[in-house]
S.K.: 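This is the structure I have questions about; it appears just below.
All ligand and atom numbering here is 1-based and tracks the order in the structure.
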Amino acid sequence: MKPSIILYKILPDDLLARLEQHFTVLPFNRLTSENRQDFLLALKQAQGLIGSGGQIDKSVLDCAPALKAVSTISVGYDNFDVQTMTERGIIMMHTPTVLTETVADTVMALILSTARRVVEVAEWAKSGQWKGSVGSELFGLDVHHKTIGILGMGRIGLALAQRAHGGFNMPVIYNDRQPNPEANSRFNARFCDLDTLLAESDFVCVSLPLTEQTHHLISDEQLAKMKPSAILINTGRGPVVDEAALIKALKQKRIYGAGLDVFEKEPLSADSELFRLPNVVALPHIGSATHETRYNMAACAVDNLITALTGKVTVNCVNPQVIK
Ligand SMILES: NC(=O)C1=CN([C@@H]2O[C@H](COP(=O)(O)OP(=O)(O)OC[C@H]3O[C@@H](n4cnc5c(N)ncnc54)[C@H](OP(=O)(O)O)[C@@H]3O)[C@@H](O)[C@H]2O)C=CC1
Ligand SMILES: O=CC(=O)O
């Protein structure tokens, strides 16, 4: 008999078929409060879990006595209780690398659209106000040759540094837990402490995971250290930035603007002040959302689960210590 797995995301037909070759698939389109009881019931027999979104915490894992492997269709895994999984020998897989370049493109899109006020000015033109050449009240800021500060020089940080250095002639400074020799040698990037990064950057770009150490890493004190002409970009995770502090800084024009793809609570409420501030570009968590990349992420996650349950895991594992 094939092992049972739960799929909680809609997959392309060919990828679903690939899963069905190996497993009996118990499908849920996504996790909702309405289907939670059915999901918990199905978990009793599931050896594998694949999908994205939702909190897979201890209360969920307690309902999954047969679980051996979990495969998230994302690189971030802050919504999983990895510690409990590791204690129970459950393998946690994720999808790094396949989305790196696409997310770095999204960061550049946010940098350009906030600095050059692309969304605001396009809306202005669309509303019929374009009667002649635009005046300085609609001018933006240059991007090229400005200093980019990258917080988290990992895979995405490095791909961002490449774009900024090679494409826009931007000096690159960065903060991480340790220097990244590749960033230094390929992009002439300079490792510095957080305070220096905040004080010197024209664009502060957050590309960090959410952890206990990074939660609210950017709050009142850090925003106060940024230049009034600087822009904050967050594509890491919403709670890395204290959203109330950010809204205050933006309203008081203590920083020039913000480009955000992630928020403390998602979906961001339609009545959030962030949607009403003209100096904010707020995207609905679309960092990796292209047809090609979302397919590649799903394919990677499917292969990850098949390997974790039927083969020998060598890559994409968050807790390799559980692999025997
Ligand atoms: N908006 C979106 O759609 C997307 C968002 N993301 C987010 O981006 C994050 C980064 O992805 P990726 O680049 O692939 O991940 P990486 O792990 O390659 O990069 C993260 C970097 O941050 C560093 N870091 C971790 N904690 C700290 C800390 N406390 N202080 C300083 N540096 C720290 C890591 O160091 P170390 O290696 O030592 O841990 C690493 O160099 C993901 O975790 C996810 O949250 C990812 C994809 C899409
Ligand atoms: O936020 C997206 C991810 O892949 O992580």
S.K.: Quick one: look up the protein heavy atom nearest atom 4 (O) of ligand 2 and list residue, atom name and how far away it is.
M.R.: Val75 N, 2.8 Å

S.K.: Could you tell me whether a side-chain N or O of Asn169 sits under 3.5 Å from a main-chain N or O of His144, the two making a donor and an acceptor?
M.R.: no

S.K.: For the 3.5 Å polar cut-off, considering only N or O atoms, please tell me whether Ser74 and ligand 2 meet it.
M.R.: no

S.K.: Going by the order shown, which atoms of ligand 1 are within less than 4.0 Å of some heavy atom of His285?
M.R.: 1 (N), 2 (C), 3 (O)

S.K.: For the residue pair Leu99 and Asn296, establish whether any side-chain heavy-atom pair is separated by less than 4.5 Å.
M.R.: no

S.K.: If the cut-off is 4.0 Å to any non-hydrogen atom of Leu208, which atoms of ligand 1 fall inside it?
M.R.: 9 (C), 22 (O), 24 (N), 27 (C), 31 (C), 32 (N), 33 (C), 45 (O)

S.K.: N/O of Thr211 under 3.5 Å from N/O of ligand 1, yes or no?
M.R.: no

S.K.: Would the distance check show the side chain of Arg163 and the main-chain N or O of Glu101 forming a donor-acceptor pair, the cut-off being under 3.5 Å?
M.R.: yes

S.K.: Identify which of Ala289, Gly236, Gly154 has a heavy atom lying nearest to atom 19 (O) of ligand 1.
M.R.: Gly154

S.K.: Determine whether Asp81 and Leu61 make a side-chain contact, defined as any pair of heavy atoms from C-beta on separated by less than 4.5 Å.
M.R.: yes

S.K.: Among Gln178, His215, Arg177, which one puts a heavy atom closest to atom 39 (O) of ligand 1?
M.R.: Arg177

S.K.: Could you list which atoms of ligand 1 come closer than 4.0 Å to a heavy atom of Gly287?
M.R.: 2 (C), 3 (O)

S.K.: Going by heavy atoms in the side chains, are Thr290 and Tyr295 under 4.5 Å from each other?
M.R.: no

S.K.: Could you tell me if any non-hydrogen atom of Ser288 lies under 4.0 Å from any atom of ligand 1?
M.R.: yes

S.K.: With atoms numbered from 1 as shown, which atoms in ligand 1 lie under 4.0 angstrom from a non-hydrogen atom of Val75?
M.R.: 14 (O), 46 (C), 47 (C)

S.K.: Heavy-atom contacts with Ser207 under 4.0 Å: which atoms of ligand 1 show up? List them by number with element.
M.R.: 10 (C), 20 (C)

S.K.: Contact between Thr235 and ligand 1, counting heavy atoms under 4.0 Å?
M.R.: yes

S.K.: Any idea which part of Val262 is under 4.0 Å from ligand 1, heavy-atom wise: side chain, backbone, both or neither?
M.R.: side chain

S.K.: Examine Tyr77 together with His94 and report whether their ring centres are nearer than 6.0 Å.
M.R.: yes

S.K.: Could you tell me whether Gly76 and ligand 2 have an N or O pair separated by under 3.5 Å?
M.R.: yes

S.K.: What residue and heavy atom of the protein are closest to atom 14 (O) of ligand 1, and at what distance?
M.R.: Arg155 NE, 3.0 Å

S.K.: Any side-chain heavy atom of Ile91 within less than 4.5 Å of one from Met93?
M.R.: yes

S.K.: Less than 4.0 Å is my threshold; does some heavy atom of Val103 fall inside it relative to ligand 1?
M.R.: yes

S.K.: Heavy atoms only: which of Ala104, Pro209, Pro96 lies closest to atom 20 (C) of ligand 1?
M.R.: Pro209

S.K.: Between Arg276 and Asp271, is the closest basic N to carboxylate O distance under 4.0 Å?
M.R.: no

S.K.: Answer yes or no: does an N/O atom from Ile73 fall short of 3.5 Å to an N/O atom of ligand 2?
M.R.: no

S.K.: Could you list the atoms of ligand 1 found under 4.0 angstrom from a heavy atom of Asp261?
M.R.: 1 (N), 2 (C), 3 (O)

S.K.: Assess the side chains of His216 and Glu243: does a donor N or O sit below 3.5 Å from an acceptor N or O?
M.R.: no

S.K.: Enumerate the atoms of ligand 2 whose separation from the nearest heavy atom of His285 is less than 4.0 angstrom.
M.R.: 1 (O), 2 (C)

S.K.: Using only heavy-atom distances, determine whether the side chains of Thr97 and Thr100 contain a donor-acceptor pair under 3.5 Å.
M.R.: no

S.K.: Nearest protein heavy-atom contact for atom 11 (O) of ligand 1: which residue, which atom, what distance?
M.R.: Ile156 CD1, 3.4 Å

S.K.: Consider salt bridge (charged side-chain N to carboxylate O under 4.0 Å, His left out). Of Arg190, Lys225, Lys146, which one does Glu200 pass it with?
M.R.: Arg190

S.K.: Check Asp176 against ligand 1 and report side chain, backbone, both or neither, counting heavy atoms closer than 4.0 Å.
M.R.: both

S.K.: In ligand 1, which numbered atoms sit nearer than 4.0 Å to a non-hydrogen atom of Met153?
M.R.: 41 (O)

S.K.: Heavy-atom distances under 4.0 Å decide this one: backbone, side chain, both or neither, for Leu99 against ligand 2?
M.R.: side chain

S.K.: Take atom NZ in Lys68; do more than 12 heavy atoms of anything else shown fall under 6.0 Å from it?
M.R.: no

S.K.: If we only count heavy atoms from C-beta on, is the Leu141 to Arg117 side-chain gap below 4.5 Å?
M.R.: no

